[in-house]
Every structure is written in C-alpha cells, then in structure tokens.
Undergrad: 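Just dropping this structure here.
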Amino acid sequence: MLKIFEKEEEVAEAIANVMAASLKEDYPLFCLASGSTPQKSYQRFALQAKHTDNVRKLRIVSLDEWVGIEKESEGSCYQMLQRDLFSPAGIEPDQILFYDGMSDDLQQECEKIDAYIKEHPITFSLMGVGMNGHIGLNEPGTPLLDHSSVVDLSNETKTTAQKYFEEPATLTKGITLGLNQVIASKKVIVAITGRHKADIVKEIFNRPEAGLPAQELLHHDHIDFYLDTEAAKHITQKVEG
Ligand SMILES: O=C1O[C@H](COP(=O)(O)O)[C@@H](O)[C@H](O)[C@H]1O
C-alpha cells in the first residue's frame, strides 16, 4: 500500500507508532535503515519506548554497513543508528547483531547475519531508498538475493553517502542483506521523504520497467510505502492517504 502524508513529521509519527506496536510482539526483531530519512521516526519511537520492558526484549539485526569503516566512527551505519536510536531508546549492545565492515572475513560476516535471521525471523523492517533506488546497499541491477553479500557501491551511492561523514570517506564496497531477506520480514515500511527524492519516486511509481531494487518491494501485502507530499509530487497513480 502507498500512503502519502502531508508532512515528513506525520510520516515519522506513523512509523514510530508502527514500531511501538511491533515492539509488543513476543520476539521482536527489527532490521532498520540508517541514514537521514528515518531519524525523526527513531526520535519519536525512542520517546515512546525508551527503557521500557518491551525495549529490553527488542533485538536489532544489521541491514547494511560500509566496508572499511570502523563501527564506532561517525558515518558508519552502526554509529548512525547508535546516535539516532540505540542510545536514545536505551537499546544495549547485547541486543544488537551487526555486520563488521572492518572484518578480515566479510564472507563470515554475511554468514553470521544470515544464520541469525534464519533462526529468528525479522518481525519489522524499516527501509530507506537511495537516490538511485537502492534498498539497503542493493544497487540497481542486483538480483533478488536471499542471502547477504558484499557489493560494489555505485558512484552515486559513494557520492551521496559523503553527507554522513565529516571528512571525505573512501567508500568502495558495502555489505548488505539481500532483497529477498528484507521482503521475508513479517512487516516492512519503506519511507521516502523530501523534495530531493521526488525524481527517484517518479521512477519507482511511474516507470515499472525501470527495474529498481525499491520496485521489488512494491505489490506485497505486508509492505507499505510511506511518503510525504514533497517526495510524492510526481506520482500519477491513485493512492491512499
Ligand atoms: O546509502 C544508503 O541510503 C539509503 C537512503 O539514505 P537517506 O540518507 O537518503 O535516508 C539508506 O536507507 C540505506 O540504508 C543506506 O545504505
């Protein structure tokens, strides 16, 4: 389902409410995008959930990470989530399983996450969408994988991602869940906000033949797209909202 909200803040509020509801499941396991889009959702969720018994039950599994970037350094996917969610919500390190982008054995990092989610199904995923339509770090042209992989980053991603770092970062590869692993989550929200995403949103919704990773998440009953009017301004299809 596509839902369009007037303002980015309303998208954030709606997502925070879904996260809070998902937290009440017996074994909540969340897989969450880092980046700019979900920041306000995480702030609101943290306000509702921080240090509750339910938050203590929550487990988090990695969606993606930059290869060659220290976990604790600014701009890593882990560090963005630490700043925006883990710390404000009181989520402790023993609740989190993340790819280590500095590992000497990246294949083992893939297997570590894959083995975990095989045993523990993801109950809620929140995805952002890259400026080129990527999901996680599944760049355009990536097949529907049902395992993690180490991927070459597109030039667009390398450039866009510089906004996360104070100093220019050398980004060449990433490590990411496969699209089928995201789709296999019990519930998924794909969030897209802001005028700067309007052109890629137009591709996703108005040009089905574009073959973008984000389009693989369309047309599943358990996957909702939440957009604000700025991002949705070129959509021509009928929507709920
Ligand atoms: O590179 C990435 O970008 C997307 C979108 O980022 P945003 O800053 O525009 O929200 C993000 O969802 C993805 O996880 C990340 O790898």
Side-chain angles (χ1 to χ4, degrees), residues 8-9 11-12 15-16 19 30-43 45 60-69 71 73-86 96 98-99 101 109-110 113 122 124-142 145 148-166 169-179 181-183 185 188-201 203-204 212-217 223-228 230-232:
E8 185 193 357
E9 286 70 22
V11 175
I15 291 171
M19 289 175 73
F30 290 3
C31 174
L32 302 171
S34 53
S36 315
T37 309
Q39 281 181 318
K40 290 185 175 150
S41 305
Y42 297 151
Q43 276 168 12
F45 170 73
I60 306 279
V61 71
S62 198
L63 167 65
D64 53 7
E65 189 53 281
W66 313 112
V67 169
I69 300 293
K71 176 181 169 184
S73 73
E74 192 213 0
S76 78
C77 296
Y78 180 90
Q79 190 53 36
M80 285 191 264
L81 284 167
Q82 173 68 27
R83 177 195 65 205
D84 298 333
L85 177 69
F86 304 153
I96 302 161
F98 233 78
Y99 297 119
E109 290 302 304
C110 292
I113 299 290
I122 298 170
F124 174 72
S125 287
L126 177 62
M127 296 294 116
V129 172
M131 293 293 284
N132 60 356
H134 74 212
I135 293 283
L137 289 171
N138 291 280
E139 300 281 28
T142 311
L145 296 179
S148 300
S149 60
V150 178
V151 296
D152 291 326
L153 301 175
S154 67
N155 287 335
E156 187 157 23
T157 298
K158 289 178 203 169
T159 305
T160 310
Q162 296 301 323
K163 68 178 175 175
Y164 306 133
F165 299 88
E166 216 157 72
T170 305
L171 302 173
T172 54
K173 290 179 184 292
I175 183 165
T176 182
L177 280 193
L179 287 170
Q181 290 172 299
V182 174
I183 292 169
S185 309
V188 183
I189 294 178
V190 182
I192 319 178
T193 56
R195 184 177 297 246
H196 64 298
K197 293 276 173 78
D199 286 343
I200 194 64
V201 166
E203 286 286 291
I204 293 167
L212 298 170
Q215 291 175 308
E216 302 290 354
L217 275 63
I223 304 183
D224 293 331
F225 280 69
Y226 284 17
L227 274 62
D228 67 359
E230 295 275 2

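All ligand and atom numbering here is 1-based and tracks the order in the structure.
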Undergrad: Spell out, as yes or no, whether a donor-acceptor pair under 3.5 Å connects the side chain of E203 to the backbone of N132.
TA: no
Undergrad: What residue and heavy atom of the protein are closest to atom 9 (O) of ligand 1, and at what distance?
TA: K197 NZ, 2.8 Å
Undergrad: Determine whether the side chain, the backbone, both or neither of M127 has a heavy atom under 4.0 Å from any heavy atom of ligand 1.
TA: neither
Undergrad: Of the backbone atoms (N, CA, C, O) and the side-chain heavy atoms from C-beta on, which set of D64 has a member under 4.0 Å from an atom of ligand 1: side chain, backbone, both, or neither?
TA: side chain
Undergrad: Can you report which non-hydrogen protein atom sits closest to atom 2 (C) of ligand 1, along with the distance?
TA: H134 NE2, 3.1 Å
Undergrad: Does ligand 1 have a heavy atom under 4.0 Å from the side chain of M131, from its backbone, from both, or from neither?
TA: neither
Undergrad: If you take all heavy atoms of A191 and T37, which pair is closest and at what distance?
TA: O-CG2, 3.6 Å
Undergrad: Can a donor-acceptor pair be found, under 3.5 Å and without considering hydrogens, that links the side chain of N138 to the backbone of L177?
TA: yes
Undergrad: When you measure from atom 10 (O) of ligand 1 to every protein heavy atom, which one gives the shortest distance, and what is it?
TA: T37 OG1, 2.5 Å
Undergrad: If you round to the nearest 0.5 Å, how far is CD1 of I175 from CG of L63?
TA: 11.5 Å
Undergrad: Only heavy atoms count here, so choose which of G128, G136, G194 is nearest to atom 12 (O) of ligand 1.
TA: G128
Undergrad: Taking the side chain from Q215 and the backbone from I204, do they hold a donor-acceptor pair closer than 3.5 Å?
TA: yes
Undergrad: Looking only at heavy atoms, is any part of V129 under 4.0 Å from ligand 1, and if so is it the side chain, the backbone, or both, or is it neither?
TA: backbone
Undergrad: Answer yes if the side chains of S154 and H134 hold a donor-acceptor pair under 3.5 Å, and no otherwise.
TA: no
Undergrad: Looking at R83, I want to see if its CZ is surrounded by more than 12 non-hydrogen atoms of other residues, nucleotides or ligands under 6.0 Å.
TA: yes
Undergrad: May I ask you to check whether Y164 and S34 show a side-chain donor-acceptor distance below 3.5 Å?
TA: no
Undergrad: Considering distance alone, does some N or O of W66 sit under 3.5 Å from an N or O of ligand 1?
TA: no
Undergrad: Relative to each other, are the rings of F98 and F86 parallel, tilted or perpendicular (30° and 60° limits)?
TA: perpendicular
Undergrad: Does an N or O from S36, backbone or side chain, lie closer than 3.5 Å to an N or O of ligand 1?
TA: yes
Undergrad: Judging by distance only, is a nitrogen or oxygen of Y164 under 3.5 angstrom from one on ligand 1?
TA: yes
Undergrad: When you measure from atom 11 (C) of ligand 1 to every protein heavy atom, which one gives the shortest distance, and what is it?
TA: S34 O, 3.9 Å
Undergrad: For K163, take its heavy atoms, then give the atoms of ligand 1 lying under 4.0 Å from any of them.
TA: 7 (P), 8 (O), 9 (O)
